[in-house]
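Pasting in a structure now, in structure tokens, and then I'll have a few things to ask.
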Amino acid sequence: MGEKKEVVEKQRIIQEFVPGKQVTLAHIIANPQEGIYQKLGLVDQVNDAIGILTITPSEASIIAADVATKAAGIEIGFIDRFSGSLVITGDVASVESSVKEIMNILQNILDFTPAKITRT
């Protein structure tokens with residue numbers, strides 16, 4: 001009698017990333033090296049802390065900039081409504097306070113998925 005072989009079909013699954021409302025990066029640099037300010041064009045903010053955020057959809061970076069300036073005494077170093085990048089500067093406490101408030105508003109009012117706030 002012949003032996004019966006079982007044929008197993010393999011399925012290939014392709015997972016596609018579709019960005020939603022999310023903060024993908026929220027980082028605070030407490031004491032940056034001077035060269036970082038120069039490369040970012042932040043020559044007037046030397047010795048300030050730097051907060052960096054990346055937000056999707058990118059237009060939400062405008063909202064984040066507004067929230068940041070109202071939360072504490074920070075300066076906008078860079079905002080790009082096309083990439084969703086936001087760079088803020090100020091003393092460490094002000095940058096930290098602004099980043100926390102941005103995350104609070106985006107997560108709790110606008111239903112964004114948050115990123116963990118990191119710090120170096």
Side-chain angles (χ1 to χ4, degrees):
M1 283 194 203
E3 198 173 298
K4 198 173 190 180
K5 290 187 179 180
E6 187 175 316
V7 177
V8 178
E9 271 190 49
K10 292 184 180 182
Q11 289 185 347
R12 183 175 177 170
I13 298 173
I14 298 173
Q15 188 171 12
E16 187 175 330
F17 175 73
V18 179
K21 296 189 314 184
Q22 62 188 350
V23 179
T24 55
L25 175 70
H27 187 79
I28 299 166
I29 303 173
N31 189 21
Q33 295 293 322
E34 189 172 330
I36 294 174
Y37 300 103
Q38 293 170 352
K39 295 292 183 184
L40 291 174
L42 302 173
V43 292
D44 294 336
Q45 287 90 1
V46 174
N47 297 323
D48 283 348
I50 299 174
I52 306 163
L53 295 104
T54 306
I55 304 165
T56 304
S58 57
E59 294 83 5
S61 61
I62 301 165
I63 297 167
D66 178 58
V67 170
T69 57
K70 292 175 179 174
I74 58 96
E75 295 291 325
I76 302 297
F78 178 76
I79 183 171
D80 186 350
R81 66 185 175 101
F82 299 108
S83 71
S85 298
L86 174 64
V87 176
I88 61 174
T89 62
D91 63 77
V92 176
S94 295
V95 169
E96 186 169 8
S97 179
S98 289
V99 170
K100 285 180 178 178
E101 186 60 13
I102 289 167
M103 297 300 283
N104 175 50
I105 296 295
L106 291 180
Q107 180 180 4
N108 296 320
I109 294 179
L110 298 174
D111 295 323
F112 275 60
T113 301
K116 179 181 176 186
I117 298 173
T118 56
R119 184 175 171 160
T120 54

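Quick caveat: nothing in here was measured; it's all calculated off a predicted structure.
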Hydrophobic cluster membership, Y37 vs I79, 4.5 Å side-chain cutoff: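 No; I79 is not reachable from Y37 via cluster members.
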Scan residues 23-41 for pairs that pass salt bridge (Lys or Arg N to Asp or Glu O under 4.0 Å), counting only residues two or more places apart or in two chains.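 Non-adjacent pairs meeting salt bridge (Lys or Arg N to Asp or Glu O under 4.0 Å): zero.
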Which residue pairs pass the salt bridge (Lys or Arg N to Asp or Glu O under 4.0 Å) test when at least one of the two sits in residues 45-73, sequence neighbours left out?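 Residue pairs passing salt bridge (Lys or Arg N to Asp or Glu O under 4.0 Å), neighbours aside: D66-K70.
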Sub-4.5 Å side-chain heavy-atom contact between I50 and L40: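 Yes. Closest side-chain heavy atoms under 4.5 Å.
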Taking all non-hydrogen atoms of both residues into account, name the closest pair between A49 and P32 and its distance.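 Scanning both residues completely, I find the closest heavy atoms to be CA-CD, 4.4 Å.
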Single-linkage hydrophobic cluster, 4.5 Å side-chain cutoff, V87 and I74 together: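 No: no chain of side-chain contacts under 4.5 Å links V87 to I74.
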Which pair of heavy atoms, one from A71 and one from S97, lies closest together, and at what distance?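 So the two residues come closest at O-OG, 4.1 Å.
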Once side-chain hydrogen bond (donor to acceptor under 3.5 Å, both in side chains) is applied, do any residues pair with T69, and if so which ones, sequence neighbours excluded?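 None.
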Quick test of your reading: applying side chain to side chain donor-acceptor pair (under 3.5 Å), list the pairs with at least one residue in residues 72-82, sequence neighbours left out, ordered by first then second residue.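 Passing the test, one end in residues 72-82: D80-S83.
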Hydrophobic cluster identity match, I63 and I88, side-chain contacts under 4.5 Å: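 In one cluster: yes.
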Set of salt bridge (Lys or Arg N to Asp or Glu O under 4.0 Å) partners for R119, sequence neighbours left out: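 Result, salt bridge (Lys or Arg N to Asp or Glu O under 4.0 Å) vs R119: E96.
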Scan the side chains in residues 104-115 for donor-acceptor partners under 3.5 Å anywhere in the protein, sequence neighbours excluded, and list what turns up.
| from | atom 1 | to | atom 2 | distance (Å) |
| --- | --- | --- | --- | --- |
| N104 | OD1 | N108 | ND2 | 2.6 |
| N108 | ND2 | N104 | O | 3.4 |

Least distance between heavy atoms, S85 atom then S61 atom: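 Closest pair (atom of S85, atom of S61, distance): O-CB, 4.2 Å.
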Let me confirm one number: the CG-CD1 distance from L53 to I117, rounded to the nearest 0.5 Å.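 So the CG of L53 and the CD1 of I117 are separated by 8.0 Å.
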F78 reachable from L25 in the ILVMFWY side-chain graph, under 4.5 Å edges: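 L25 and F78: one cluster.
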Heavy-atom check, side chain of I102 versus side chain of L86, under 4.5 Å: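 Yes, their side chains come closer than 4.5 Å.
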For the CD1 atom of I52 and the CD1 atom of I29, what is their distance to the nearest 0.5 Å?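 Rounded to the nearest 0.5 Å, the CD1-CD1 separation comes to 4.0 Å.
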I need the minimum non-hydrogen distance between I76 and A65, along with the two atoms involved.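 Distance-wise, the nearest heavy atoms are CD1-CB, 3.8 Å.
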Considering non-hydrogen atoms only, spot the tightest contact between V95 and G90 and give its length.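 Closest pair (atom of V95, atom of G90, distance): CG2-N, 3.4 Å.
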